[in-house]
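Okay, so here's the structure we're looking at.
Ligands are counted one by one from 1 in listed order, and the atoms in each one are counted from 1 as well.
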Amino acid sequence: MYGLMMDYPLLTPSLLRFAAQHHGDTEIVSRTVEGPVHRYTYRDAYARTQKLANALLRLGVSQGDRVATLAWNGYRHVELYYAVGGVGGVCHTINPRLFHEQIEYIVNHAADRFIFVDLSFVKLLESLQTRLTSVQGYVIMTDQTHMPQTALPNAICYEALIADEAQLFDWPQLDENTAAALCYTSGTTGNPKGTLYSHRAIVLHAFGLCAADSAMALSSHEIVLPAVSMFHVHAWGIPYAAAMCGAKLVLPGPNLDGQNLYELIESERVTVTAGVPTVWLGLLAHVGKTGKKFNYLRCINIGGAAAPLSMIKTLEEQYNVMVVHAWGMTEITPVGTTGRLLPKIAELPREQRYQFKMKQGRAVYGVDLKIVDDAGTALPHDGASVGHLLVRGPWVASAYYEDAEASAAAFDEDGWFRTGDVASIDADGHVQLVDRSKDLIKSGGEWISSIDLENTVMTHPRVTEAAAIAVPHEKWGERPLLVVVTREPAAVSAEEIRSFLKPRVAGWSIPDEIVFVEELPHTATGKVNKRALREIYAKRSSLTKA
Ligand code: ADP
């Protein structure tokens, strides 16, 4: 027997319409590429989004067409999120930091019909455009005054495109499983793979971000600044969730350096933000140097890579900013687990509490997790068993876009998605990520968690960032090599680091080789690029002692 409830589809434009109706005066503030800070309200955003939707139809965008963006976090990008998906198209956000060949690959693989591009990336597209075979036109996300001379064919100015359109649009009643957005992984191995998000997945994920006990607990009382890019998994879904609850949205534009972020956080009274650890290293360096404090910021969501203990402690103890550690992936829209403490853990002494803060949190409702051994047998959630982490749920991908080979490898016979991460799960559901399986260091019979080693060395007061990678070794198969960035040059010696590690990690984890560098390489999504490090240091194996 079916329930007698309306079959009312969950479609993304309804989020912005709701914000316009119920939080019409709440602002969206953007740092623009052109220079000034732009501010308008959800009411204005919805009106312009409807104009854009009309313009897209005039351009000939029809159901299922891919329309790409190459843009920073800004208000026009928000309008595109809603308008492209809303008319039945697919908003394909491209990460401009990818290698140019990868951008070419994904535009052609997605067969994008139009690309909307910020001024910053016009030159980049000019250099690629002859090879972007599916693209019929380019829309430059600026006004007439800033419209550049460009070699891009059929280039249109965004403001001119929407200027004469009607402010009302009759959104089609799409099936909620219709694709709304597309985002490619950064392709740290092989070609980038496309995750094709449905309207339903995006809306349900936004509920997850607004739930009080999970994720970001967004509400109309919060002012949220996504310090993660809108070209990377929808800035973790924040532009959708902020509209769902009417949170003021602050979009930082191109500059995520410490000073710019700090100024925006203070001037717009931001209360909650989210991003990868590297961004917070920059922010902490800025406030450390200038002696500034946070007057409004209450919560930082750290994810995308492990949050080091030293960072969590500094933010909470010195700056009174709560850290919520989260884990997710492009394929999970992206939030899977978040680290708001259970009541019984919040009561624990501080040092014990930190042990839980360092874990990756517990599943958000809707996300189902399990760990399995190499044979695929489920392992107990006892906090000790370590296995491959698998996930399923309403906002987890079911396949990669037009990539049967990658899909076959990534999903098991029951449809669970293989995350590629190795983890333990305790009886309360706390997930502790041991490593990405490809980053684990297998030394003799033992596994060494690169995350664990990095976190431990980063508690050294003179170390700012560190990465551990496996290098081949004759006797042990692999040995860890540690690459370290220190506060000042030559601030600490390899021997001192080894002595520091000795009482803190298992003997076999202590690296034979420690290299000091000024800066670590980062990926297109701001994480430490271990592949690049492996390429640089793999040859070092000959140096390590048997
Ligand atoms: P990519 O980094 O390849 O662009 P994703 O952003 O989807 O793609 O990265 C997802 C991966 O990032 C996860 O599988 C996991 O290995 C890592 N990750 C995400 N959050 C955390 C976290 N809190 N701690 C450790 N690793 C994390």
Side-chain angles (χ1 to χ4, degrees), residues 93-99 102 106 182-195 197 205 215-216 226 228-237 274-280 300-309 311-312 323-340 356-364 367 369 371 388-391 395-397 400 406 410 417-425 430-440 449-455 458 466-468 521-532:
T93 50
I94 302 174
N95 184 338
R97 297 206 187 98
L98 292 175
F99 294 118
Q102 290 182 320
I106 64 175
L182 176 65
C183 182
Y184 283 73
T185 61
S186 52
T188 35
T189 48
N191 276 327
K193 301 182 287 269
T195 302
Y197 307 93
H205 179 268
M216 295 177 200
V228 48
S229 302
M230 288 177 67
F231 53 71
H232 186 52
V233 217
H234 319 129
W236 296 354
V276 297
T278 320
V279 170
W280 311 125
I300 296 190
N301 288 266
I302 305 184
L309 178 61
M311 180 178 286
I312 301 176
V323 170
V324 178
H325 191 186
W327 165 86
M329 300 182 75
T330 306
E331 293 87 339
I332 317 180
T333 315
V335 177
T337 64
T338 69
R340 267 172 209 276
F356 285 91
K357 289 236 155 183
M358 281 175 67
K359 297 186 187 214
Q360 277 67 19
R362 301 159 67 247
V364 177
V367 173
L369 299 170
I371 44 173
H388 305 284
L389 183 62
L390 272 64
V391 56
W395 56 80
V396 180
Y400 287 111
F417 172 64
R418 297 189 172 101
T419 64
D421 288 332
V422 173
S424 67
I425 305 178
H430 293 102
V431 171
Q432 176 142 30
L433 221 77
V434 174
D435 227 325
R436 279 190 167 190
S437 53
K438 58 179 186 284
D439 292 341
L440 262 179
S449 155
S450 65
I451 294 184
D452 206 22
L453 203 51
E454 290 155 5
N455 272 338
M458 278 193 267
H522 290 94
T523 66
T525 53
K527 307 181 194 188
V528 172
N529 189 339
K530 294 208 174 167
R531 188 165 71 151

Which is it for Ser450 and Lys530 under the side chain to side chain donor-acceptor pair (under 3.5 Å) test, yes or no, and what are the steps along the way? CA-CA 10 Å; Ser450 65; Lys530 294 208 174 167; 2.8 Å; yes

Examine [X] against ligand 1 and note whether any of their N/O atoms are separated by less than 3.5 Å.
{"X": "Lys527", "value": "yes"}
{"X": "Gly303", "value": "no"}
{"X": "Gly304", "value": "yes"}
{"X": "Trp327", "value": "no"}

I'd like to check which ligand 1 atoms, numbered from 1 as shown, lie under 4.0 Å from a non-hydrogen atom of [X].
{"X": "Gln360", "result": "22 (C), 23 (N), 24 (N), 25 (C)"}
{"X": "Thr525", "result": "2 (O), 4 (O)"}
{"X": "Ala326", "result": "20 (N), 22 (C), 23 (N)"}
{"X": "His232", "result": "4 (O), 6 (O)"}

Going by the side-chain contact (heavy atoms from CB on, under 4.5 Å) test, name the single residue among Thr337, Thr338, Ile332 that passes it with Val364. Thr338

Would you please indicate yes or no on a ring centroid separation below 6.0 angstrom for Tyr197 and His234? yes

One residue to check: [X]. Relative to ligand 1, which of side chain, backbone, both or neither has a non-hydrogen atom less than 4.0 Å away?
{"X": "Ala305", "value": "backbone"}
{"X": "Arg436", "value": "side chain"}
{"X": "Thr330", "value": "both"}

CZ on Phe356 to CZ on Arg362, rounded to 0.5 Å: 10.5 Å

Of all residues at least two apart in sequence or in a different chain, which pass the ring pair (Phe, Tyr, Trp, His ring centres under 6.0 Å) check with Phe231? none

Under the ring pair (Phe, Tyr, Trp, His ring centres under 6.0 Å) rule, collect the residues that match up with Trp280, sequence neighbours excluded. none

Report yes if the side chains of Asp421 and Arg436 come closer than 4.5 Å at any heavy-atom pair, otherwise no. yes

Could you tell me if any non-hydrogen atom of Gly328 lies under 4.0 Å from any atom of ligand 1? yes

Can you see which heavy atom on Ala467 is nearest to which on Val528, and at what distance? CB-CG1, 3.7 Å

